[in-house]
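Report on the structure given below.
Just the heavy atoms: all of them, side chains too, but no hydrogens, waters or symmetry mates, feed the values below.
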Amino acid sequence: MKIDLSWVLNDVLEVRGARHAILVSGDGLLLQRSDDIPRDDAETNAAAMSSMQSLSRAVAGFVGAGHGIWKQTLLEYDGGWIFLIAAGQGSYLAVSAALDVDMEAMSFRMQKTVSGLSKAMSVAPRSDGAGV
């Protein structure tokens, strides 16, 4: 049974200028996509985003010793932006946006969304069965 995580993507797409959103596993598999991006494009971008977060983590030490913990990758293109952040254990949220997107609002919304996602995806520890 596949869990419907469309609410995660719908929330970040409410920011003015947001275009597409995908939720990606650490190994590059597409977990969820927004409705407006074709599945093939979403899968291609999921694989690329997995590689991008890996590259970003690899060069994190470049900011200085002891300060190299990756938080977010931001890419600028002629036609817009890509935001990439960790969305929990082994997953990542990527959003594409127009050039005029409110970058602070997008970053804040993504952080808020992944915080909610990690809570929704967490599983309570199992009891050892004592007293059952």
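- Expressed to the nearest 0.5 Å, how far CD1 of Ile85 lies from OG of Ser91 amounts to 9.5 Å.
- A pairwise comparison of heavy atoms in Val24 and Ala46 identifies CG1-O, 3.3 Å as the closest pair.
- Remark: side-chain polar atoms of Ser34 are paired, donor with acceptor, to backbone N or O of Ala21 under 3.5 angstrom.
- Applying the salt bridge (charged side-chain N to carboxylate O under 4.0 Å, His left out) criterion to Glu76, with sequence neighbours excluded, gives no partner residue.
- A donor-acceptor contact shorter than 3.5 Å links the side chain of Asn45 to the backbone of Asp41.
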*Is there a side chain to side chain contact (heavy atoms under 4.5 Å, CB included) between Leu84 and Leu93 once you walk through the steps?*
CA-CA 6 Å; Leu84 176 66; Leu93 176 61; over 6 Å; no
*Which is it for Val95 and Ile82 under the side chain to side chain contact (heavy atoms under 4.5 Å, CB included) test, yes or no, and what are the steps along the way?*
CA-CA 6 Å; Val95 176; Ile82 294 175; over 6 Å; no
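- Note: Leu99 CG to Asp78 CG = 8.0 Å, rounded to the nearest 0.5 Å.
- Take Asp11 and apply the side-chain hydrogen bond (donor to acceptor under 3.5 Å, both in side chains) test, not counting sequence neighbours, and it matches Thr113.
- Not a single side-chain hydrogen bond (donor to acceptor under 3.5 Å, both in side chains) links Ser50 to another residue, sequence neighbours left out.
- Separation of atoms CE (Met106) and CD (Glu14) is listed at 10.5 Å; rounding is to 0.5 Å.
- When the side chains of ILVMFWY residues are joined at heavy-atom separations under 4.5 Å, either directly or via intervening members, Leu74 and Val101 end up in a single hydrophobic cluster.
- Rounded to the nearest 0.5 angstrom, Leu30 CG and Leu23 CG are separated by 8.0 Å.
- The hydrophobic clustering, which links ILVMFWY residues whose side-chain heavy atoms are closer than 4.5 Å, places Val12 and Met103 together.
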*Walk me through it: do Leu75 and Trp81 pass the test side chain to side chain contact (heavy atoms under 4.5 Å, CB included)?*
CA-CA 6 Å; Leu75 302 165; Trp81 299 92; over 6 Å; no
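- Contact check for Phe108 versus Val15: no side-chain heavy atoms found under the 4.5 Å cut-off.
- Remark: the backbone N or O of Gln111 is not paired with any side-chain donor or acceptor of Ser115 at under 3.5 angstrom.
- Not counting sequence neighbours, Thr44 has no partner by the side-chain contact (heavy atoms from CB on, under 4.5 Å) test.
- Taken from OG in Ser54 to CE in Met49, the straight-line distance is 13.0 Å, to the nearest 0.5 Å.
- Under the side-chain hydrogen bond (donor to acceptor under 3.5 Å, both in side chains) criterion, Asp100 pairs with Arg16, sequence neighbours left out.
- In this structure, Phe83 and Ser107 approach most closely via the heavy-atom pair CE2-OG, 3.9 Å.
- Side chain of Ser96 to backbone of His20: a donor-acceptor contact under 3.5 angstrom is found.
- For Trp70, the side-chain hydrogen bond (donor to acceptor under 3.5 Å, both in side chains) criterion is met by Thr73, not counting sequence neighbours.
- Remark: side-chain polar atoms of Arg33 are paired, donor with acceptor, to backbone N or O of Ile37 under 3.5 angstrom.
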